[in-house]
Amino acid sequence: MNSTAARPDVSTRRLVVMDVDSTLITQEVIELLADHAGTRELVTEVTERAMRGEIDFGESLRERVATLAGVPVSAFEDVLERVTLTPGARELVAEFQGRGWTVALVSGGFEEIVAPLAASLGITHFRANRLEVVDGLLTGRTTGPVIDRATKEVTLRELAASEGVDMADTVAIGDGANDLDMIGAAGIGIAFAAKPVVVAQAPFSVPGPRLDAVLEIIDASGRTA
């Protein structure tokens with residue numbers, strides 16, 4: 001065997017943009033919040049339909065968030081305690097950062113959870129929806145623009161431009177139909193533990209369970225002798 005076999009070329013600086021729910025973490029945050037509203041079954045059913053691409057994400061988000069009306073903001077603390085990183089997620093982020101690559105999170109979930117999660121991993125770039133709060137209770141509405149399928153791709157492109165990274169050197173990782181645009185736009189688009197519709201359309205796919213398995217795909221695209 002040749003001891004000088006091809007090795008990954010890590011000299012290329014990349015931008016890696018990852019989905020959060022069911023990608024970076026094993027859960028769907030909105031389902032954890034729905035536990036506090038007693039609407040988990042309904043929310044889970046709508047989430048599944050949205051991730052399969054059967055209904056518009058924005059519509060599904062409005063429908064699901066409406067069920068959270070009256071939930072106290074103290075629920076965020078409980079959800080953060082229950083959130084579990086996908087196996088290999090922490091190691092993968094650390095490897096990317098060790099290479100000097102920029103890591104960003106873009107989520108159809110909620111900034112109230114994504115922000116502290118990002119901070120715990122040393123990630124400074126993130127974008128997510130925000131939940132409207134009045135008198136310490138969720139109103140059942142979001143504020144600001146909805147982070148949907150189109151917005152995820154726009155975020156990838158904007159970050160690439162601001163970071164000075166060519167789109168060919170970007171990586172996008174996600175599991176749901178709302179990740180397909182950014183997966184398709186990235187230099188390396190990876191479906192992770194994804195719905196069949198996503199696996200069918202993504203250039204690459206990793207079934208899981210470890211998120212750091214995507215590294216093999218990324219490194220294979222930049223081998224040097």
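Worth saying up front: this structure is predicted, and the values here are computed from it rather than measured. Starting from 1, each residue takes its place in the sequence as its number.
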Original post:
Do I147 and V106 have side-chain heavy atoms sitting under 4.5 Å apart?
Top reply: yes
**OP:** Taking all heavy atoms of S60 and all of A50, pick out the closest pair and write down the distance.
**Re:** OG-CB, 3.4 Å
Subject >> Steps toward side chain to side chain contact (heavy atoms under 4.5 Å, CB included) verdict (L117, L85) >> reply: CA-CA 9 Å; L117 185 62; L85 287 173; 4.1 Å; yes
Original post:
Are side-chain heavy atoms of V146 and N129 found at a separation under 4.5 Å?
Top reply: yes
**OP:** Ignoring hydrogens and angles, tell me if any N or O in the side chain of Q27 forms a donor-acceptor pair with the backbone of R82 under 3.5 Å.
**Re:** yes
Subject >> Pair E153 + R149: basic N to acidic O under 4.0 Å >> reply: no
Original post:
Of the non-hydrogen atoms in D21 and D175, which two are nearest, and what is the gap between them?
Top reply: O-OD1, 3.2 Å
Original post:
With distance as the sole test, does T86 use its side chain to make a donor-acceptor pair with the main-chain N or O of T23 at under 3.5 Å?
Top reply: yes
Subject >> Sole residue of D169, T102, D166 in side-chain hydrogen bond (donor to acceptor under 3.5 Å, both in side chains) with R13 >> reply: T102
Original post:
What distance do L80 atom CG and L32 atom CG have between them, rounded to the nearest 0.5 Å?
Top reply: 10.0 Å
Subject >> V17 and T170, any side-chain heavy atoms less than 4.5 Å apart >> reply: no
**OP:** Check whether any side-chain heavy atom of L33 lies under 4.5 Å from a side-chain heavy atom of L131, and answer yes or no.
**Re:** yes
**OP:** May I ask you to decide if I218's main-chain N or O and S221's side chain share a donor-acceptor pair within less than 3.5 Å?
**Re:** yes
Original post:
Of the non-hydrogen atoms in V198 and A191, which two are nearest, and what is the gap between them?
Top reply: CG1-CB, 3.7 Å
Original post:
Should the heavy atoms of other residues, nucleotides or ligands under 6.0 Å from CD of E77 be counted, would the total exceed 12?
Top reply: no
Subject >> Taking every non-hydrogen atom, the tightest pair across F126 and A115 >> reply: CZ-CB, 3.7 Å
**OP:** Starting at CG of D56, measure out to CG of D148 and round the result to the nearest 0.5 Å.
**Re:** 7.0 Å
Original post:
W101 side chain to V93 main-chain N or O, any donor-acceptor pair under 3.5 Å?
Top reply: no
Original post:
Below 4.5 Å, heavy atoms only, C-beta onward: do V171 and V214 meet side chain to side chain?
Top reply: no
Original post:
Is there a side chain to side chain contact (heavy atoms under 4.5 Å, CB included) between R49 and R52 once you walk through the steps?
Top reply: CA-CA 5 Å; R49 290 176 61 204; R52 292 194 299 264; 3.6 Å; yes
Original post:
Can you tell me how far the OG1 atom of T155 sits from the CZ atom of R127, to the nearest 0.5 Å?
Top reply: 4.0 Å
Subject >> Heavy-atom donor-acceptor pair, E31 side chain to V43 backbone, under 3.5 Å >> reply: no
Original post:
How many angstroms lie between atom CE of M51 and atom NZ of K195, to the nearest 0.5 angstrom?
Top reply: 7.0 Å
Original post:
Side chain of Q97, backbone of L121: donor and acceptor closer than 3.5 Å?
Top reply: yes
Original post:
Are I183 and I217 connected in a single hydrophobic cluster, I mean Ile/Leu/Val/Met/Phe/Trp/Tyr linked by side-chain heavy atoms less than 4.5 Å apart?
Top reply: no
**OP:** Could you state whether V154 and L156 fall into the same hydrophobic cluster, counting links through intermediate Ile, Leu, Val, Met, Phe, Trp or Tyr residues with side-chain heavy atoms under 4.5 angstrom apart?
**Re:** no
**OP:** Please check if V20 and L68 belong to a single hydrophobic cluster, counting links between Ile, Leu, Val, Met, Phe, Trp and Tyr side chain heavy atoms closer than 4.5 Å.
**Re:** yes
**OP:** Would you mind reporting whether V65 and F110 have side-chain heavy atoms less than 4.5 Å apart?
**Re:** yes
Subject >> Residues R64, T47; criterion side chain to side chain donor-acceptor pair (under 3.5 Å); working and verdict >> reply: CA-CA 8 Å; R64 290 175 292 163; T47 297; 2.8 Å; yes
Original post:
Taking a hydrophobic cluster as the set of Ile, Leu, Val, Met, Phe, Trp and Tyr residues connected by side-chain heavy atoms closer than 4.5 Å, whether directly or through intermediates, do M182 and L15 fall within one such cluster?
Top reply: yes
Original post:
Does D179 use its side chain to pair, donor to acceptor, with the backbone of G176 at less than 3.5 Å?
Top reply: yes
**OP:** Working to the nearest 0.5 Å, report the span between CG of L215 and CG of L92.
**Re:** 6.0 Å
Original post:
If we only count heavy atoms from C-beta on, is the V133 to L138 side-chain gap below 4.5 Å?
Top reply: yes
Original post:
Under a 4.0 Å N-O cut-off, is there an ion pair linking D181 with K152?
Top reply: no
Subject >> Distance-minimising heavy-atom pair for A104 and I123 >> reply: CA-CG2, 4.2 Å
Subject >> Contact check, side chains of M18 and L211, non-hydrogen atoms, under 4.5 Å >> reply: yes
Original post:
Going hydrophobic residue to hydrophobic residue with side-chain gaps under 4.5 angstrom, can you get from V165 over to L159?
Top reply: yes
Subject >> Minimum heavy-atom distance A37-T67, with the two atoms named >> reply: CB-O, 3.4 Å
Original post:
To the nearest 0.5 Å, how far apart are CG in L24 and OG1 in T84?
Top reply: 11.5 Å
